[in-house]
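Single-structure report; data block below.
Counting from 1, the numbers follow the sequence of the chain as shown.
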Amino acid sequence: MAVNWGGLIGVVIFYVIILAIGLYASRKNKGKSSMEDVMLAGRNIGMFLGVFTMTATWVGGGYINGTAQSIYDTGLIWAQAPWAYSSSLFISGLFFAKKMREKNYVTMLDPFQMKFGKRMGGLLFLAALSGEIFWSGSILAALGSTFSVILGIDKTLAIIVSSCIAMSYTLFGGLYSVAYTDVLQLTCLFFGLWLSIPFALANEHVTSITETNWFGTWENKYSGVWLDYALLLILGGVPWQVYFQRALSARTPRHAQILSYAGGFGCIIMTIPSFLIGAIAVSTNWNETAYGQEITDSNIVLPLVLQYLTPQVVSIIGLGAVCAAVMSSADSSLLSSSSMFARNIYKLLIRPNASEEEIIWVMRCAILVSGGISSTLAITINSIYGLFYLCSDFVYVVLFPQLVCVVYIDYTNTYGSLAAYILGLSLRLGGGEPLLSLSPFIEYPFFDNGEQLFPFRTFSMLVSLTTLILFSYLFHYIFTKNVLDKKWDIFKCVTNITSPAADVGLDDIVRPRSKP
């Protein structure tokens, strides 16, 4: 396929504009060297900017392309991510945003390390990091597929270039650059995709979407799988640094909640074009189009609709919309994972006496590493929607129970946290994971021809939550009732604790620095 030079020039112009806005926004951090200024925009994100960046963070390439892919593959009934992630934002705002913002935490991992210790916090970081990396991978994979179809350029090259652009302005601008570019990106996404819908619907090769079955079919034997994925996305969408970075940057705890609710509504509204594009793809006789064959790779459903069912100018504008979606989430994910590493790993585990300037430079290096790993995943793993699910998988099983306990259950401790981490992760890995070529070594009930029909992810999460509560209570009872001598409290998390925050170097966050 020949390179579409007109489209390529349009994308280059779009990228230049995004880069210019990101670098302009970085001037707000000029002369400022504190972690809060770079990671949380000085806790001064206003309502307008906050709503845009909260919505744009979730509505990424995986969200847009993946939804169209899911509609085409399995129908509306299995396209769970849009409504499930919207629900997770409402739950996060209702139960977690206010409590976390009131404590002046800087990252999501701060309360974990305060309660469970810095080393346990390091283990939990691995689960959080895996989620962010898989999320970024799904985003970049979506862009690569779109570029290869519409512009005729190599998918790998598109992924690498886009990743470099996102990294460049995130490196120096921090959250301000990410938030300012989100405004343009979300606007482009909304108008770009909606512009393509009428042209695609009116195409002569498209049957009316009211006459085709894009709802999908339901088989009762997959009820447990459907419920498992739904809960995974709803509750697994809560413990994300990329979310809490925005909630914690809000001016007040109440603003943090409002941003969450507004983001939930925004996600639902922004996904409607993707639903329609998926339905249009199902209703199209692809053999009669210039494409000349049925779709065999569902990853490219959305770009195929844009390329072959709309005029060239419209398809290029639609490509700009997908680029916007990708950039708005890729930069957010890179910033969130690097923030956690710089503060919760480097600062607390490696160099406790590091200056804030040093930490900021470590964060910038971490952005480069995260971008490289995410790009590699995007190039090597085929399914966009699979990556989209997988990013919440380990977060759901490992992190969600820990977050609930650290926020709501006071007596939980490191013993319970470690036991829950090991058992929950073991049960989840035991179920296998095709995307990672991991065969199951635990056959849960209703196991059928290599398929796990039992909701084993939710089972693993519930076992992890129960283990954390019971083991914490057990060790709390053993040491407070002198069943065992205090010297056996090897984690020093139950008895003789003078200042848990100071012990892990987080004493700064328990002192309110802004009026709630």
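With sequence neighbours left out, Ala256 forms a side-chain contact (heavy atoms from CB on, under 4.5 Å) with Ala97, Arg101, Ala247, Ala250. Among residues two or more places apart in sequence or in another chain, the side-chain contact (heavy atoms from CB on, under 4.5 Å) test is passed with Val463 by Leu423, Leu427, Phe459, Thr467. Taking Asp448 as the reference, nothing meets the side chain to side chain donor-acceptor pair (under 3.5 Å) condition, with sequence neighbours excluded. With sequence neighbours excluded, the residues that form a ring pair (Phe, Tyr, Trp, His ring centres under 6.0 Å) with Phe52 are Phe48. Residues that satisfy the side chain to side chain donor-acceptor pair (under 3.5 Å) test with Thr210, not counting sequence neighbours, are Ser208. For Ala366, the side-chain contact (heavy atoms from CB on, under 4.5 Å) test picks out Ser338, Phe341, with sequence neighbours left out. Taking Glu211 as the reference, nothing meets the side chain to side chain donor-acceptor pair (under 3.5 Å) condition, with sequence neighbours excluded. Take Ser337 and apply the side chain to side chain donor-acceptor pair (under 3.5 Å) test, not counting sequence neighbours, and it matches Ser370. The side-chain contact (heavy atoms from CB on, under 4.5 Å) test applied to Tyr291 returns Trp286, Thr289, Gln293, Ile295, Ile300, Leu304, Tyr308, not counting sequence neighbours.
With Ser464 contributing its side chain and Ser460 its backbone, the two residues share no donor-acceptor pair below 3.5 Å. Side-chain atoms of Thr271 do not come within 3.5 Å of backbone N or O of Ile268 as any donor-acceptor pair. Side chain of Glu433 to backbone of Leu438: no donor-acceptor contact under 3.5 angstrom is found. The closest donor-acceptor contact from the side chain of Ser70 to the backbone of Gly66 lies at 3.5 Å or more, if one exists at all. Judged purely by atom type and a 3.5 angstrom limit, Ser374 has no side-chain atom pairing as donor or acceptor with the backbone of Gly371. Not one N or O on the side chain of Thr53 forms a donor-acceptor pair closer than 3.5 Å with the backbone of Leu49. Checking side-chain atoms of Tyr421 against main-chain N and O of Gln402 turns up no donor-acceptor pair under 3.5 Å.
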Report the C-alpha separation of Ser163 and Ser375 in whole Å, then their side-chain angles, then the decisive distance to 0.1 Å, and conclude whether the side chain to side chain donor-acceptor pair (under 3.5 Å) test is met.
CA-CA 7 Å; Ser163 179; Ser375 299; 3.1 Å; yes

Hey, mind stepping through Ser333 and Glu132 against side chain to side chain donor-acceptor pair (under 3.5 Å) and telling me if it holds?
CA-CA 6 Å; Ser333 184; Glu132 297 286 355; 3.0 Å; yes

Does the side chain to side chain donor-acceptor pair (under 3.5 Å) test come out yes or no for Asp228 and Trp226, once each step is laid out?
CA-CA 5 Å; Asp228 200 21; Trp226 190 94; over 6 Å; no

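The salt bridge (Lys or Arg N to Asp or Glu O under 4.0 Å) analysis of residues 136-145, with sequence neighbours excluded, yields no pairs. Within the structure, side chain to side chain donor-acceptor pair (under 3.5 Å) pairs that include any residue of residues 255-266 comprise Tyr243-Ser260, Arg254-Gln257 (at least two apart or interchain).
The distance from the CD1 atom of Ile277 to the CD1 atom of Ile272 is 12.5 Å, given to the nearest 0.5 Å. Interatomic distance, SG of Cys188 versus CZ of Phe191, reported as 9.5 Å (0.5 Å rounding). From Leu233, atom CG reaches atom OH of Tyr85 across 5.0 Å, with rounding to the nearest 0.5 Å. A distance of 4.0 Å separates CZ in Phe265 from CZ in Phe90, rounded to the nearest 0.5 Å. To the nearest 0.5 angstrom, Ser426 atom OG is 6.5 Å from Phe441 atom CZ. The distance from atom CD of Gln245 to atom CD1 of Ile45, rounded to the nearest 0.5 Å, is 10.0 Å.
Across all their heavy atoms, Tyr63 and Cys267 have their closest contact at OH-O, 2.9 Å. Smallest separation of non-hydrogen atoms from Phe394 and Arg428: CE2-CG, 3.8 Å.
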Please tabulate, for the side chains in residues 311-326, all donor-acceptor contacts under 3.5 angstrom to protein atoms that are two or more places apart in sequence or on a different chain.
| from | atom 1 | to | atom 2 | distance (Å) |
| --- | --- | --- | --- | --- |
| Gln312 | NE2 | Asn4 | OD1 | 3.3 |
| Ser315 | OG | Gln312 | O | 2.7 |

